[in-house]
Amino acid sequence: MNFSKEILVWYAQNKRDLPWRNTTNPYNIWLSEIMLQQTRVAQGTPYYLSFVENFPTVHDLANANEEQILKLWQGLGYYSRARNLHTTAKIIANQYKGKFPNSYKELLKLKGIGDYTASAIASISFNIPEPVVDGNVYRVLSRFFGIDIPINSTEGINYFKTLAHEVMDSANIRDYNQGIMEFGAIQCSPRNPDCEKCPLSSACVALKNNQVNDLPVKIKKTTVKKRYFNYLVIKDREDKIILEQRLGKGIWQNMYQFPLIESDKDFKLKDTEVQKKLEKFSNDAISFEMYLYNSEKIIHKLSHQHLFTSFWIIDFNGKLNDGIEVSEIVKYPVPVLIADFIKTFNF
DNA sequence: AATCCGGGGTC
DNA sequence: GACCCAGGATT
């Protein structure tokens, strides 16, 4: 059995019609690849269509504000991708005169483009024989060849990249790369793969040794940190609201939120803390009433953190210095936790 | 080499 | 609740 030929045959018969599959334009390929990093096709697709419509070329993206880009990215997560996207768009537009570099090595230098994405753009856009290694490829190769080296160890990363080089079809790299990923997504799925209908089953080491459910091997380390958020939804006597931008490090960089009082353990919010916060936003005498919006804490789950969140509604009897109109709130990029609140709260 | 960075789908 | 998703940057 020829592994790569079987992948190509399977792909020709089973490939989905996806919006970025009818072009080799590096701008479109780049956009789709960044959006699909750690993201399912179904989740990323509407964002891809929105970006292509709002930013048809790399110049449009380069000329946009980061805030516009983050707003359109809202809900997709891993927001550094959007910021890096903007950085790279500006470099392509200015330093590269709008033309993407056509080599794996040059692509790798760009912000947000790592080994996988450089390989994907080089192969799909420029037909360069460089194998992609994503989560799908790890799964397909580890099962078919029966490799139990952890895929997220240094040894595993190097091993699978070398193996990918050995088995790729250089003459059909565009279809081979997309084919092995599609095969991993649809046929050789993480759980309950349909091995009975698999064209590779007769030579699959994992199937022969009954290891399909044990491969690939991954070193797991999930320590979830708990954080306690108290958001202050401050409304002044002119019905204006405060939104703040998250600067510095950590989650949701450059996204907006309500003023936040945080702790690493559960605690009761004190009036005096609210008072101190309010003093930052107004020169007026501080007089307010507050109530808790959600009696049960909203638990917002991220990969490494669980955010136990309370929203406090503050009626401030004064005028905020930098308050915004309620109708303007929807224009700001906000994390899903905030967007969900805005959707349900009647301002 | 380990850790951080989102949100959603699936079982 | 655990795992995964067309990973990359930072420490």
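Numbers restart at 1 for each chain; the letters A, B, ... are given by sequence-line order, proteins then strands.
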> If you take all heavy atoms of A/Pro216 and A/Tyr138, which pair is closest and at what distance?
Replying inline: CB-O, 4.2 Å
> If you take all heavy atoms of A/Asn254 and A/Arg83, which pair is closest and at what distance?
Replying inline: ND2-CD, 3.7 Å
From [atom1] of [X] over to [atom2] of [N], roughly how many Å is that when rounded to an integer?
X	N	atom1	atom2	answer
A/Asn192	B/dC11	CG	C1'	8 Å
A/Met255	B/dG6	CE	C1'	10 Å
A/Ile298	B/dG7	CD1	P	14 Å
A/Leu76	B/dG8	CG	C1'	10 Å
A/Lys220	B/dC4	NZ	P	18 Å
A/Met35	B/dG6	CE	P	16 Å
A/Lys226	C/dG1	NZ	C1'	13 Å
A/Tyr138	C/dC3	OH	C1'	17 Å

> Which one of A/Asn172, A/Ile180, A/Asp175 satisfies the side-chain contact (heavy atoms from CB on, under 4.5 Å) criterion with A/Tyr11?
Replying inline: A/Asp175
> Under 4.0 angstrom, heavy atoms only, what part of the nucleic acid is A/Gln305 near: base, sugar-phosphate, or nothing?
Replying inline: sugar-phosphate
Lys/Arg N to Asp/Glu carboxylate O, [X] vs [Y], below 4.0 Å:
X	Y	answer
A/Lys331	A/Glu328	yes
A/Glu273	A/Lys268	no
A/Glu262	A/Arg227	yes

> Got a second to check how far A/Arg81's CZ is from A/Thr117's OG1, nearest 0.5 Å?
Replying inline: 10.0 Å
> DNA chain B: A/Ser153 or A/Gly75, which has the more 5' nearest nucleotide?
Replying inline: A/Ser153
> Which sits closer to the 5' end of DNA chain B, A/Gly250 or A/Glu155, going by the nucleotide each is nearest to?
Replying inline: A/Glu155
How far, in whole Å, is [M] from [N] if one measures between their [atom1] atoms?
N	M	atom1	result
C/dG8	B/dG8	P	22 Å
B/dC11	C/dA6	C1'	22 Å
B/dC5	C/dC4	C1'	16 Å
B/dG6	C/dC5	C1'	12 Å

Distance test, side-chain N/O of [X] to OP1/OP2 of [N], below 4.0 Å:
X	N	result
A/His300	B/dG6	no
A/His304	B/dC5	no
A/Trp252	B/dG7	yes

> Could you run down nucleotides 4-11 of chain C 5' to 3' and tag each one B, S or - for protein heavy-atom contact under 4.0 Å?
Replying inline: BBBBSS-S
> Is there a side-chain contact between A/Asn25 and A/Trp20 (heavy atoms, below 4.5 Å)?
Replying inline: no
